[in-house]
Number of protein chains: 2
Amino acid sequence: MSNQSLPVLGQDTACCTPMVRQALGEDAAAELARMFKALADPVRLRLLSLIASYDGGEACVCDLTGPFDVSQPTISHHLKVLREAGLVGSERRGTWVYYRVVPSALAQLSTLLRTPSGRGEDPA
Amino acid sequence: MSNQSLPVLGQDTACCTPMVRQALGEDAAAELARMFKALADPVRLRLLSLIASYDGGEACVCDLTGPFDVSQPTISHHLKVLREAGLVGSERRGTWVYYRVVPSALAQLSTLLRTPSGRGEDPA
DNA sequence: CGGCTGTATCGACAGACGTCGATACAAGAC
DNA sequence: GTCTTGTATCGACGTCTGTCGATACAGCCG
């Protein structure tokens with residue numbers, strides 16, 4: 001059992017360092033796993049992309065219940081999961097509630113998964 | 001095993017654009033959710049980063065059981081989940097089994113989560 | 001060969017998850 | 001005020017998941 005001493009990635013650096021460069025610490029891994037868990041459902045992934053694709057980057061819940069085969073309470077539940085994971089924010093405007101993505105959260109995960117060989121980086 | 005040299009994965013993953021640009025279809029969402037589900041566990045996240053951080057981008061299972069508080073069968077189970085999600089590959093060399101990350105899989109997810117502005121920011 | 005070490009599979013269990021219908025809450029229309 | 005529409009919460013159900021100990025499989029070594 002050779003044990004190679006590795007630098008451990010703390011919470012503060014978890015936001016900006018690809019995981020292929022530094023091993024994740026327990027706390028950072030737990031935090032990131034919570035976000036990935038929110039993404040680990042087809043309905044939530046589609047919800048997120050649907051919200052992001054709407055004009056202005058935000059969508060009313062009334063726009064989100066239609067495209068899915070699940071009930072309205074289920075959609076509401078999934079939106080809550082995304083919100084509690086910090087991936088989307090919500091705002092009530094009059095009768096309707098609008099959801100929008102939190103770009104910094106997506107960027108954090110994107111950076112974490114970025115590989116040294118390239119993609120995930122801006123080509124321009 | 002020259003896995004660090006070529007950026008050949010850019011073209012292969014050209015199928016995927018950032019989700020903020022285009023709404024995901026049901027099939028794509030289901031496929032991607034399977035990968036994110038593999039990342040949605042603290043132990044698996046640490047396993048993945050640990051494997052990627054080792055010299056040569058690969059690690060023996062014997063190196064991976066030590067840093068965790070869970071049993072060896074549990075580690076084996078998590079490695080199987082990562083492997084079936086296409087995030088890591090495994091190869092037996094003699095007595096030991098070595099795991100290494102599949103860069104194109106990480107790159108695909110990274111690209112999907114990439115935001116137009118690249119880095120995170122908060123809209124006021 | 002037999003024994004030993006590293007890894008994977010099996011079976012079982014508690015807890016978490018996704019879904020639903022029913023219902024409560026919020027805000028505008030009348 | 002009441003009614004109606006949009007959204008969230010509740011309680012329950014079946015299924016999936018993470019974990020374990022026991023055990024089977026795969027290679028080395030003597």
Side-chain angles (χ1 to χ4, degrees), chain A residues 1-4 24 26 29-48 50-51 54 58-100, chain B residues 24 26 29-48 50-51 54 58-100:
Chain A
M1 305 226 181
S2 69
N3 208 356
Q4 181 177 334
L24 288 169
E26 290 188 39
E31 167 76 13
L32 292 164
R34 274 189 31 240
M35 296 194 219
F36 281 123
K37 194 170 295 185
L39 294 175
D41 183 274
V43 174
R44 287 199 291 269
L45 270 182
R46 290 176 62 203
L47 274 173
L48 195 62
L50 206 52
I51 293 169
Y54 261 74
E58 65 179 14
C60 169
V61 177
C62 60
D63 295 321
L64 301 174
T65 47
F68 297 92
D69 290 334
V70 299
S71 66
Q72 175 269 324
T74 299
I75 293 293
S76 190
H77 163 69
H78 284 309
L79 289 171
K80 182 179 183 179
V81 172
L82 288 172
R83 182 161 28 90
E84 291 180 339
L87 296 174
V88 303
S90 66
E91 180 193 0
R92 168 157 237 142
R93 287 205 295 273
T95 303
W96 300 276
V97 177
Y98 291 84
Y99 280 77
R100 62 183 138 68
Chain B
L24 288 169
E26 291 188 39
E31 169 75 14
L32 291 164
R34 276 190 27 241
M35 295 194 218
F36 281 122
K37 195 170 296 187
L39 295 175
D41 183 275
V43 174
R44 286 197 292 268
L45 270 182
R46 291 176 60 203
L47 274 173
L48 195 62
L50 206 51
I51 293 168
Y54 261 75
E58 65 179 14
C60 170
V61 177
C62 59
D63 294 320
L64 301 174
T65 46
F68 298 93
D69 289 334
V70 298
S71 67
Q72 175 269 323
T74 299
I75 293 293
S76 191
H77 162 70
H78 285 309
L79 288 172
K80 183 179 182 179
V81 171
L82 288 172
R83 183 161 27 93
E84 290 180 342
L87 297 174
V88 302
S90 65
E91 180 192 1
R92 168 156 237 142
R93 289 206 293 275
T95 303
W96 300 277
V97 177
Y98 291 85
Y99 281 76
R100 64 191 191 289

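This is a predicted model, so every value here is computed, not measured. Below, all heavy atoms of this structure are taken into account, side chains as well, without hydrogens, waters or symmetry copies. Proteins get letters first, then strands, A, B, ... in listed order; numbering begins at 1 in each.
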Below 4.0 Å: OP1/OP2 of D:dA8 and any side-chain N or O of A:Arg92: no
Can any side-chain N or O of B:Arg92 pair as donor or acceptor with the backbone N or O of B:Gly94 at less than 3.5 Å? yes
Rounding to an integer number of Å, can you tell me how far A:Asp69 CG sits from C:dG18 C1'? 14 Å
Given C:dT9, D:dA8, C:dG18, identify the nucleotide with an atom nearest to the side chain of A:His78. C:dG18
Ranking D:dA8, D:dG6, C:dT7 by distance to the side chain of A:Thr95, first place goes to D:dG6
B:Tyr98 six-ring centre to B:Arg93 NZ/CZ under 6.0 Å and within 45° of normal: yes
Just to be sure I understand the rule, does A:Phe68 reach a base, reach only the sugar-phosphate, or reach nothing, if contact means heavy atoms closer than 4.0 Å? nothing
Euclidean distance, atom CD of residue B:Gln72 to atom P of C:dA8 [Å, nearest integer]: 7 Å
Which heavy atom in B:Tyr99 sits nearest to a heavy atom in B:Val88, and how many Å separate them? CD2-CG2, 3.8 Å
Nearest whole Å is fine: how far is C:dC17 C1' from A:Leu82 CG? 14 Å
Return the value, rounded to whole Å, for the distance between atom CH2 of A:Trp96 and atom P of C:dC25. 22 Å
Taking only side-chain N and O atoms of B:Tyr99, does any of them lie within less than 4.0 angstrom of OP1 or OP2 on C:dG6? no
Does a side-chain N or O from A:Arg93 land closer than 4.0 Å to OP1 or OP2 of C:dA27, or not? no
Closest nucleotide of DNA chain D for A:Cys60 versus for B:Val81: which of these residues is on the 5' side? A:Cys60
In whole Å, I'd like the distance from the NE2 atom of B:His77 to the P atom of C:dT9. 11 Å
Does the B:Arg44 side chain pair with the main chain of A:Ala33, one donor and one acceptor, at a distance under 3.5 Å? no
Check whether any side-chain N or O of A:Thr74 sits under 4.0 Å from OP1 or OP2 of C:dC20, and answer yes or no. yes
Which residue, B:Leu47, B:Val43, B:Leu50, forms the side-chain contact (heavy atoms from CB on, under 4.5 Å) with B:Pro67? B:Leu50
B:Asp41 CG to D:dG18 C1', straight-line distance once rounded to whole Å: 7 Å
Nearest-nucleotide 5' precedence on DNA chain C, A:Val70 against B:Lys80: B:Lys80
Can you tell me how far P of D:dA8 sits from CG of A:Leu47, to the nearest Å? 12 Å
When rounded to whole Å, the CG to C1' distance for the pair B:Leu64 and C:dT7 reads 12 Å
Whichever of A:Val43 and B:Tyr98 has its nearest DNA chain C nucleotide further upstream toward 5': B:Tyr98
